[in-house]
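See below for the structure under consideration.
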Amino acid sequence: LQKLINQMKIMEIEDPNLKVTINTETGEYLLSGMGVLHLEIAILEYLTKKGIEVVTSPPQVIYRETITGKAGPFMGKSPNKHNKLWFTIEPLEETALALLEQGKISMLQTLKHQQQILIDAGYPRDDAKRLWEINEHFNFLINNTHGVQYIQEVKELVKAGFNWAMKEGPLTGNPIRGVKVRFVDAKLHEDPIHRGPAQIMPAVKQAVFACFLSAKPTLLEPILRISVQVPAELVGAVTSVLTRKRGRVLEMKSRGNLMIVEGELPVAESFDLSQVMRAATGGRAFWATEFKCWRPVPQSMLPELIRKLREQKGLKPEPPKAEDFIVEE
């Protein structure tokens, strides 16, 4: 197998779109290309001819979880019942999201530098000054507590619990994106041994999930920007394909004898695009795609999609409810 992989790496030089990598955790070789057709011809057929059994599966789309409303404050209680923390949640402002998406704010910058960039961009000064953490999936943790004892001693634990909650959301186990979590109050035990990581982090996660599930949660799906070059007489076929795949046509331009159709398409609908587009245009359409943005999944599709994603991860089909995380004093 190693000899075969070496041969495929030689192929990679001839075909720069063919990639061979190894998953260091599982030891599996990962083969990737520019689509279903490319993989079938350049990889699967090659391996099959060499007598190698190939296991394939449908491509999986990576979604993000987010909210459309506000909720809180909700309390999280530590397993030993000695610590109580309150949080609220709301969608992150477009100003902050734009800065993060454009790379003007990065995880490599100091917190003070990040705060100043936000202030210069017109972000609320009080929120920027109280910012504790910017999560890798574009989420903010803001400290709005006042006069809480031992708050600095648990600061890093609260941040760790926040990042833990953002890593796998309660709906489908996918990362949470684009939310602003406020730490609003806390009652902490005076003895440090009773407010360690095993106590504070679960309490933070519990409260954040209670807030999240109460704030009209939904899923975000990745959207591709697509540009299709096609003879003018086949424009209708291209627009029909995009429409059937939940896509949209944004602009059409002419270039000589060709028409250029600019549009967008959900990643989930793009896996068989080469076959469908080829059948509709007789192979006379040429296109390119790139990632454009994240967009909420249509409400009509949401329940079934959540169920499907949870089953893929081996979770119970029905997602948890806010009541499962809400606790009383």
Quick one, Asn144 with Arg182, criterion side-chain hydrogen bond (donor to acceptor under 3.5 Å, both in side chains). Give me CA distance, side-chain angles, the key distance, then yes/no. CA-CA 6 Å; Asn144 279 133; Arg182 294 182 186 273; 2.8 Å; yes

Hydrophobic clusters join Ile, Leu, Val, Met, Phe, Trp and Tyr when side-chain heavy atoms are under 4.5 Å apart, directly or via other members; which others share one with Met277? Ile226, Val228, Val230, Leu234, Val235, Val238, Val241, Leu242, Val249, Met252, Met259, Val261, Leu265, Leu273, Val276, Trp287

Has the side chain of Ser240 got a donor or acceptor atom that lies under 3.5 Å from a matching backbone atom of Ala237? no

Residue set satisfying ring-ring contact (aromatic ring centres under 6.0 Å, His included) with His113, at least two apart, ordered chain then number -> none

Going by heavy atoms in the side chains, are Pro91 and Thr66 under 4.5 Å from each other? no

Atom pair CD1 (Ile119) and CD (Gln116), whose distance is rounded to the nearest 0.5 Å: 5.0 Å

Does a donor on one side chain and an acceptor on the other come within less than 3.5 Å for Glu93 and Tyr123? yes

Quick check: do Asp324 and Lys321 have side-chain heavy atoms less than 4.5 Å from each other? yes

Using side-chain heavy atoms (C-beta onward) and a distance below 4.5 Å, is Pro296 in contact with Leu220? yes

Leu141 and Val158: side-chain contact (heavy atoms from CB on, under 4.5 Å), yes or no, with the steps? CA-CA 9 Å; Leu141 173 62; Val158 172; 4.2 Å; yes

Quick check: does any side chain N or O of Asn163 sit under 3.5 Å from a backbone N or O of Asn135, one acting as donor and the other as acceptor? no

Can you tell if the side chain of Leu258 reaches within under 4.5 Å of the side chain of Pro231, non-hydrogen atoms only? yes

Inspect the contact between Lys308 and Glu311 and indicate whether a charged nitrogen and a carboxylate oxygen are less than 4.0 angstrom apart. no

Criterion side-chain contact (heavy atoms from CB on, under 4.5 Å) on Leu309 and Leu219, from CA distance to verdict: CA-CA 11 Å; Leu309 293 175; Leu219 293 180; 3.9 Å; yes

Return the set of residues passing side chain to side chain donor-acceptor pair (under 3.5 Å) with Arg310 (not counting sequence neighbours), or none when no residue passes. none

Name all residues meeting the ring-ring contact (aromatic ring centres under 6.0 Å, His included) criterion together with Phe209; count only those two or more places apart in sequence or in a different chain, and write none if there are none. Phe325

Contact between Asn139 and Val181 at the side-chain level, heavy atoms closer than 4.5 Å - yes or no? no

State, to 0.1 Å, how close Ala165 and Val208 come at their nearest heavy-atom pair, and which atoms those are. CB-CG1, 4.0 Å

Do side-chain atoms of Gln115 reach the backbone of Leu131 as a donor and acceptor pair under 3.5 angstrom? yes

Phe87 side, atom CZ; Gln206 side, atom CD - distance, nearest 0.5 Å: 11.0 Å

When every non-hydrogen atom of Ile105 is compared with those of Gln109, the smallest separation belongs to CA-OE1, 3.3 Å

Do the side chains of Ile151 and Phe183 get nearer than 4.5 Å, heavy atoms only? yes

Side chains of Gln299 and Thr218: closer than 4.5 Å at any heavy-atom pair? yes

Contact between Glu133 and Gln114 at the side-chain level, heavy atoms closer than 4.5 Å - yes or no? no

Is there a donor-acceptor pair closer than 3.5 Å between any side-chain N or O of Asp127 and the backbone N or O of Pro124? no

In Å, rounded to the nearest 0.5 Å, how long is the span from CZ of Phe140 to CG of Leu100? 5.0 Å

Once you measure the plane-to-plane angle for His82 and His189, does it fall in the parallel (<30°), tilted (30-60°) or perpendicular (>60°) bin? tilted

Quick one: do Lys245 and Asp272 make a salt bridge, cutoff under 4.0 Å? yes

Side-chain donor or acceptor of Ser106 paired with backbone N/O of Gly103 under 3.5 Å: no

What I want to check is whether the side chains of Glu168 and Asn174 have a donor and an acceptor closer together than 3.5 Å. no

First locate atom CG of Leu85, then atom NZ of Lys187, and finally report the distance between them rounded to the nearest 0.5 Å. 11.5 Å

State the CD-NZ distance between Glu153 and Lys155, to the nearest 0.5 angstrom. 13.0 Å

Could you tell me whether the side chain of Lys167 and the main chain of His137 form a donor-acceptor pair under 3.5 Å? no

Charged N to carboxylate O below 4.0 Å: is that the case for Glu264 and Arg225? no

Carboxylate-amine/guanidinium proximity below 4.0 Å for Lys84 and Asp185: no

For Glu318, give me all partners under side chain to side chain donor-acceptor pair (under 3.5 Å), at least two apart in sequence or on another chain. Arg307

Kindly determine whether Ser270 and Leu224 satisfy side-chain contact (heavy atoms from CB on, under 4.5 Å), including the steps that lead there. CA-CA 9 Å; Ser270 69; Leu224 296 175; 4.0 Å; yes

Salt bridge (Lys or Arg N to Asp or Glu O under 4.0 Å): pairs with one or both residues in residues 204-223, sequence neighbours excluded: Glu221-Arg246

Pair Glu136 + Arg64: basic N to acidic O under 4.0 Å: no

Classify the side-chain pair Asn83/Arg195 by whether it contains a donor and acceptor separated by less than 3.5 Å. no

In terms of heavy-atom contacts, Ala215 and Ile67 come closest through O-CB, 3.3 Å

Spatial distance of atom OG (Ser227) from atom CD1 (Ile260) [nearest 0.5 Å]: 5.5 Å

May I ask you to decide whether Arg177 forms a salt bridge with Glu65, counting only side-chain N to carboxylate O separations under 4.0 Å? no

